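A short write-up of the structure that comes next.
Only a predicted model underlies this, so the values are computations on that prediction, with no experimental measurement involved. To find a chain, count down the sequence lines: A is the first, B the second, and so on, and within it residues start at 1. Computation of the quantities below employed the complete heavy-atom set of this structure, encompassing side-chain atoms and omitting hydrogens, waters and symmetry-equivalent molecules.
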2 protein chains.
Amino acid sequence: MRRRVSIKDIAAAAGVSHPTVSRALRGQGRMSEATRARILTIAREMGYTPNLVARGLVTQRTYSVGLVVTNIRDPFHSEIIRGVEAVVRAHGYSLFLASTTADPDQELEVVRSFVGRDVDGIVIASSQAGDRYAEMLDELGMPIVLINSHAEGDNVHAVRHDDYAGACAVMEHLLDQGFQRIAFLGLGRSSRVHGERRQAWKEALRRRGLDASVAVSAPESTIEHGVTQVVHLVERARGRWGTPPQAIFCYNDLLAIGAISGLRRLGLEVPQDVAVAGFDDLEVCAHMRPSLTTLRQPRYEMGEDAAQLLLSLLEQDRRAQPKPTEKLYRGELQIRESTQGVSPQTARVG
Amino acid sequence: MRRRVSIKDIAAAAGVSHPTVSRALRGQGRMSEATRARILTIAREMGYTPNLVARGLVTQRTYSVGLVVTNIRDPFHSEIIRGVEAVVRAHGYSLFLASTTADPDQELEVVRSFVGRDVDGIVIASSQAGDRYAEMLDELGMPIVLINSHAEGDNVHAVRHDDYAGACAVMEHLLDQGFQRIAFLGLGRSSRVHGERRQAWKEALRRRGLDASVAVSAPESTIEHGVTQVVHLVERARGRWGTPPQAIFCYNDLLAIGAISGLRRLGLEVPQDVAVAGFDDLEVCAHMRPSLTTLRQPRYEMGEDAAQLLLSLLEQDRRAQPKPTEKLYRGELQIRESTQGVSPQTARVG
DNA sequence: CTGTTAGCGCCTTCAC
DNA sequence: GTGAAGGCGCTAACAG
């Protein structure tokens, strides 16, 4: 494990000074083609790799960005990561990744650590910290791009999906199918995203004078929690309506997949006995049996766009405080087997 | 966007020199409790965050590690990332992540960029570069931990799953069920992992004098490719045997999920007409219909262990060249519906 | 106990 | 065209 070769080593070998090497390497400043070529050759031969740490210290640009995701287990976030990583790397930046679960304290701590790393900017997906950023985001002196979350701040930009509209589309579809007793399988922690989906569910029912009281919350968004929570949901429905729900709108696909599995254990078939709809359109949804009705979010593109936005912010003059942007996406409803082909009249009464 | 506060700013405010601030902050060197307390207070008030870039430059330890994964879309890798990230962050390290697809050139380039970042160590999952590392891994002067791949080198350690044994277990199970015409749905690119699984398939059949010639390769490991490739696989089987395969052993779960979906489109039911087995045991496997027989790899633990191993290497004296380690895991066969409950005699002949 | 000096590897400004 | 000097923010060695 010997020391890495530095520009000084090259300078010594080439019989020039290090600044000259530095210039040659970066193709800056006019100099004789002969010496430049010689220096480049020597650098290659010696296996030189520029030390980005040292460079960052002097240029005040580390060419790195931080990405915070709140739950890497959810394939939704994998795609976000993939999009951000692809764009960022294509532009010569490196990516710091942290996965924080739902704990806002962890999230804030991670952001602080990124600041310590002197990243040029930060992307945060599905932030759980929301308002708690208010105090700090402006202070840290670098642009932030939020994905599917919101916070106030002059440096804070956002890329987000219109979850309210999306959830409305899902609810419209369920109501069009004739379902009336529609339950909601949500998440325990509250976030802007969750609020919008739940709100759309509630309002869609209320507008038609239907009962919007049957809902349960899973502690985390995993298939397993979907399985266990759907049992409570059915109980709740039986208590309220005397029957299982006719349809269940799930906060996301993982919970929906679990719900279908759990319902089967209860002897309830989807969609014959209960219809189920999810949210996100994970790749597997189209291949489940029954295939899952859900709302497709362009998650890879959202990751890409968030990164693109951040990089464009970085290219700008630092003093040209750009106005906070907010880019809004609309997903597409994917109607599949899990909500179709049954008229609710035939639904078995538990 | 004003400059971040440095120890010099604090020093000025506290009327001491910066080294003193540095010591106070790190709790090093004895000094009067009064001044230490005062310095800490001022630092907090001014919102000081240590600049890890500068620190790394002088200490030659950046407290960062790089992680390379070859396909972040595969939930298998998500869990690896999750495991590595959790351990690394718990120890105060930051994680650089890069996802490189199957291209070995990209992989090498990314590793080089990590070196430029002066990371303390590197974890590489499912490397596609294999032997091509031979030249460089020893040169870069930092420990490497490979997950499910192999390369020679004094600094190169490995954590891997015994895929050969795992694939044998799957094949044993299929043969025990009485299947004889067993096809393999693999991957186009070759890797150690792929080689082991395919080899086990081939040898298990050969040992019993069965035909091991029906195999196709998907270009990438995605559900969609499973869907399209299984069609070719069935064609191939019909050409060879006059019937579809009795069972298909898939390289991994994504391909298996796609295969089941594709078979259904062909009018073939799993497991009645064709049995299907996968590899990895993604969370969704137990909730598919039919649920998927597969081999569970402890992927989160493997990520954790790889990180743990790397960190322990970093704690050691740098000159104490430890011998390359290799930790081997054994997965567990998960027998589920997709391969069960049908005697092959009843298999429909296509 | 604290301040001074030096240097990590690199880039920038200014002489020559 | 190229070299010398200075400094990014921090820590390490040595004074005092």
field: Gln106(A), CD: over 12 other non-hydrogen atoms inside 6.0 angstrom
entry: yes

- prompt: Under 4.0 Å between a side-chain N/O of Gln60(B) and OP1 or OP2 of dT11(D), yes or no?
  reply: no

- request: Give the B/S/- string for nucleotides 10-16 of chain C, one per nucleotide from 5' to 3', where a protein heavy atom under 4.0 Å of the base yields B, of only the sugar-phosphate yields S, and otherwise -.
  value: BSBB---

Stepwise side chain to side chain contact (heavy atoms under 4.5 Å, CB included) test for Glu220(B) and Thr101(B): CA-CA 9 Å; Glu220(B) 250 185 302; Thr101(B) 76; 5.8 Å; no

message: Please report the distance, rounded to the nearest Å, between CG in Asp118(A) and C1' in dC8(D).
response: 10 Å

query: When we call it a touch if two heavy atoms are under 4.0 Å apart, what does Ser17(B) touch: a base, just sugar-phosphate, or nothing?
result: base

- line: Shortest non-hydrogen pair, Ser149(B) vs Ser127(B), comes out as OG-N, 3.2 Å

message: If you compare all heavy atoms of Glu107(A) against all heavy atoms of Thr70(A), which two are closest, and at what distance to 0.1 Å?
response: OE1-CG2, 3.9 Å

message: Would you say Thr20(A) places a side-chain N or O within less than 4.0 Å of OP1 or OP2 belonging to dG3(D)?
response: yes

query: Roughly how many Å is it from CE in Met46(A) to P in dG9(C), rounded to a whole number?
result: 13 Å

- request: To the nearest Å, give me how far apart CG (Leu25(B)) and P (dA12(D)) are.
  value: 13 Å

message: Could you report the tightest heavy-atom contact between Arg117(B) and Thr62(B), atom names first, then the distance?
response: O-CG2, 4.1 Å

field: Among dC8(C), dG3(D), dT2(D), the one nearest Leu57(B) by side-chain distance
entry: dC8(C)

query: Tyr329(A) ring centre to Arg160(A) NZ or CZ under 6.0 Å, with the angle to the axis within 45°?
result: no

message: Counting the atoms with a prime plus P, OP1 and OP2 as sugar-phosphate, which does Val53(B) contact under 4.0 Å by heavy atoms, base, sugar-phosphate, or nothing?
response: nothing

